[in-house]
**Student:** 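The structure under discussion is supplied below as structure tokens; questions concerning it will follow.
All values below come from the heavy atoms of this structure, side chains included, with hydrogens, waters and symmetry mates left out. When a ligand or atom number is given, it counts from 1 through the structure's own listing order.
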Amino acid sequence: MSSHLLSSKLSSMSESATIKMAQKARELKSQSVDVISLSLGEPDFDTPDFIKEAAKQALDKGMTKYTPVPGLLELRQSICDKLKRDNKLNYTPKEIVVSNGAKQCIANVCLSLLDPNDEVIIFTPYWVSYFEIVKFAGGSPVPVYAGIEQDYKVIPAQLKEAINDNTKLIIYSSPSNPTGSVYTEAEIAALAEVIKTKPDLYVLSDEIYEYITFNAKNPSIASMPGMQERTILVNGMSKGFAMTGWRLGYLAAPQWIAAACAKVQGQFTSGATAFGQAAAAIALQHDPSALDYMKEKFLERKNLVKKMLEDIPGMRVNDPQGAFYFFPNISSFFGKTNGTRRIDDADEFVDVLLDEAHVAVVTGSAFGDKNSFRISYATSNEVLIEAMTRIKRVLATYS
Ligand code: PMP
Ligand code: GLU
């Protein structure tokens, strides 16, 4: 093994736990183990036909060449129109960069903005990749934790306390991966007031679950007074449009940040896939209510899973208002044993579920919370019922 030759930067990077668990489940399935995977955050729906049709037409028209690095002008204009229509925000195409997924947008931002002494406040529980991308880009991640008793939402006093002279960026997602929590307009406004007290402090607002919310209004922090010039709004096609495999995300930011991100991208990957971008432009021009059927299904599944989780003694759940995750607190199981095995932490808890219930979920420690685990409920009711039944049965053997 020559792993000692790998860069120290790489050696200190953790593998994505979501992707690792999904891979483990696939491997077990290929060995004929009847595994149910609730590990990956991916809609189970196919991309809507009108979007696929648009990609086919783009291919037939010969859209097979390189595109401008920040994206096709037609797509960037559609993104501006969408931001105006849905978020009441005014952007021009020069403030938009299209990338190979929102993941790349986040990497571009961190590589563009961070120097070694820069601190990045990450609302915790956080999505797995924020922490590792910040580290890899040379910044210092500073987790600010909000537990289930505050619906996993950071309050202004906590943010104020964490900000210091070195704080450059704040990263959070709303609706949140992994908790499903959604910040209300009043909560976002209060956070914005704290952020505005420090010059040169920016926010990366990850809004990739924007279209998957239940009852909750989901305002962007960019729409708060004085915040657009401090906000990097990240969104993408993966979740709301069920287009994970297309690899298309975008950001809207002050022009100097957008230009910096395009510069990074110009050296690393160039513009995203041409015909995919053409289809994304059509998708964004469409009335978003065409996607409501997915949201309705997610809501039905949320209610089903919530009921079944609440039926398991010791499981504490919040009431997620968006995305397609539950993030139950399982600390009451720590110290319990089935006679041969003991659950001491969330890592062991998810191993028990995989080994004994054949249900793959992701440990909370990957999201910065050692007391919880994540369930992705983006699958059918039948599969969810079977998974919850298995989990309940196995946990009943621990006392
Ligand atoms: N942000 C969040 C909160 C996510 O859950 C994900 C996972 N898909 C991403 C960003 C990245 O999305 P993609 O790269 O598929 O656009
Ligand atoms: N974002 C999804 C998740 O949280 C997909 C996997 C990934 O990109 O990490 O599961």
Side-chain angles (χ1 to χ4, degrees), residues 13-26 37-45 47 71 79 97-110 122-134 152 170-183 203-213 218 220 232-252 261 265 268-269 272-273 276-277 280 283-284 298 320 322-327 350 360-369 372-379:
M13 179 192 257
S14 312
E15 191 178 343
S16 166
T18 48
I19 291 178
K20 191 171 158 185
M21 201 51 159
Q23 182 54 27
K24 208 166 169 181
R26 272 188 215 115
S37 182
L38 307 182
S39 55
L40 199 62
E42 170 162 76
D44 53 326
F45 300 101
T47 303
I79 292 167
V97 182
V98 176
S99 301
N100 295 292
K103 218 176 225 180
Q104 192 185 13
C105 298
I106 298 162
N108 284 342
V109 172
C110 292
I122 302 180
F123 289 6
T124 304
Y126 48 73
W127 177 49
V128 282
S129 296
Y130 297 155
F131 209 86
E132 299 306 317
I133 291 174
V134 167
Y152 296 115
I170 294 165
I171 306 184
Y172 69 87
S173 58
S174 178
S176 159
N177 178 1
T179 67
S181 297
V182 180
Y183 284 86
V203 188
L204 190 161
S205 168
D206 183 341
E207 301 175 13
I208 197 157
Y209 295 96
E210 178 189 15
Y211 286 155
I212 309 171
T213 51
N218 182 22
S220 172
I232 300 124
L233 184 163
V234 171
N235 205 330
M237 309 306 290
S238 285
K239 311 292 172 168
F241 293 91
M243 291 171 69
T244 45
W246 293 61
R247 309 310 303 126
L248 285 169
Y250 61 86
L251 62 75
C261 290
Q265 185 162 302
F268 279 21
T269 59
T273 314
Q277 288 190 58
L284 288 165
F298 284 131
F324 37 69
Y325 305 107
F326 273 95
F327 198 63
V350 304
V361 291
V362 186
T363 173
S365 57
F367 306 93
D369 186 337
S372 304
F373 76 108
R374 190 189 78 173
I375 293 174
S376 164
Y377 59 81
T379 187

**Student:** Of the backbone atoms (N, CA, C, O) and the side-chain heavy atoms from C-beta on, which set of T244 has a member under 4.0 Å from an atom of ligand 2: side chain, backbone, both, or neither?
**Tutor:**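 Answer for T244: neither.
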**Student:** With nothing but distance in play, are any N or O atoms of V128 less than 3.5 Å from an N or O of ligand 2?
**Tutor:** no
**Student:** Is Y325 in polar range of ligand 1, meaning some N or O pair under 3.5 Å apart?
**Tutor:** no
**Student:** Does the N or O separation between W127 and ligand 2 drop below 3.5 Å for any pair?
**Tutor:** yes
**Student:** Any nitrogen or oxygen of A102, main chain or side chain, under 3.5 Å from a nitrogen or oxygen of ligand 1?
**Tutor:** yes
**Student:** Within the 4.0 Å heavy-atom shell around K239, which atoms of ligand 2 are there?
**Tutor:**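 Per the distance check, 1 (N), 2 (C).
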**Student:** Using a heavy-atom cut-off of under 4.0 Å, does the side chain or the backbone of R247 touch ligand 1, or both, or neither?
**Tutor:** side chain
**Student:** Is there a heavy atom of E42 sitting under 4.0 angstrom from any atom of ligand 1?
**Tutor:**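 False for this residue.
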**Student:** Quick one: does ligand 2 sit under 4.0 Å from the side chain of R374, the backbone, both or neither, non-hydrogen atoms only?
**Tutor:**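 Contact part for R374 vs ligand 2: side chain (C-beta onward).
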**Student:** Among the heavy atoms of I208, does any lie under 4.0 Å from an atom of ligand 1?
**Tutor:** yes
**Student:** Give the minimum heavy-atom separation between W127 and P178, together with the two atoms involved.
**Tutor:** N-CD, 4.3 Å
**Student:** Check whether any N or O atom of S173, backbone or side chain, sits under 3.5 Å from an N or O atom of ligand 1, and answer yes or no.
**Tutor:**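 There is no such contact.
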**Student:** Consider only side-chain N and O atoms of E207 and N235, and report whether a donor and an acceptor are under 3.5 Å apart.
**Tutor:** no
**Student:** Under 3.5 Å, N or O to N or O, is Y209 touching ligand 1 that way?
**Tutor:** yes
**Student:** Step through it carefully: locate the ring centre of Y211, locate the ring centre of F241, and say whether they are under 6.0 Å apart.
**Tutor:** yes
**Student:** Relative to ligand 2, is E42 under 4.0 angstrom through side chain, backbone, both or neither, heavy atoms considered?
**Tutor:**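 No part of E42 is near ligand 2 at this cut-off.
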**Student:** Looking only at distances, can you tell me whether any N or O atom of D206, backbone or side chain, sits closer than 3.5 Å to an N or O atom of ligand 1?
**Tutor:** yes
**Student:** Does any N or O atom in Y209 lie less than 3.5 angstrom from one in ligand 2, N or O only?
**Tutor:**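 No, there is no polar N/O contact under 3.5 Å.
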**Student:** Based purely on interatomic distance, does Y130 place a nitrogen or oxygen under 3.5 Å from a nitrogen or oxygen of ligand 1?
**Tutor:**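 N/O-N/O distance under 3.5 Å: no.
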**Student:** Where does the angle between the aromatic ring planes of Y377 and F298 fall among parallel (under 30°), tilted (30 to 60°) and perpendicular (over 60°)?
**Tutor:**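 Ring orientation, 0 to 90° scale: perpendicular.
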**Student:** Hey, is G249 one of the residues with a heavy atom under 4.0 angstrom from ligand 1?
**Tutor:** no
**Student:** Just by distance, no angles: are the side chains of N218 and Y183 close enough, under 3.5 Å, to form a donor-acceptor pair?
**Tutor:** no
**Student:** List every atom of ligand 1 that sits less than 4.0 Å from any heavy atom of N177, numbering the atoms from 1 in the order shown and giving each element.
**Tutor:**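 Contacts of ligand 1 toward N177, numbered from 1: 3 (C), 4 (C), 5 (O).
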**Student:** Can you tell me if S16 has a non-hydrogen atom under 4.0 Å from ligand 2?
**Tutor:** yes
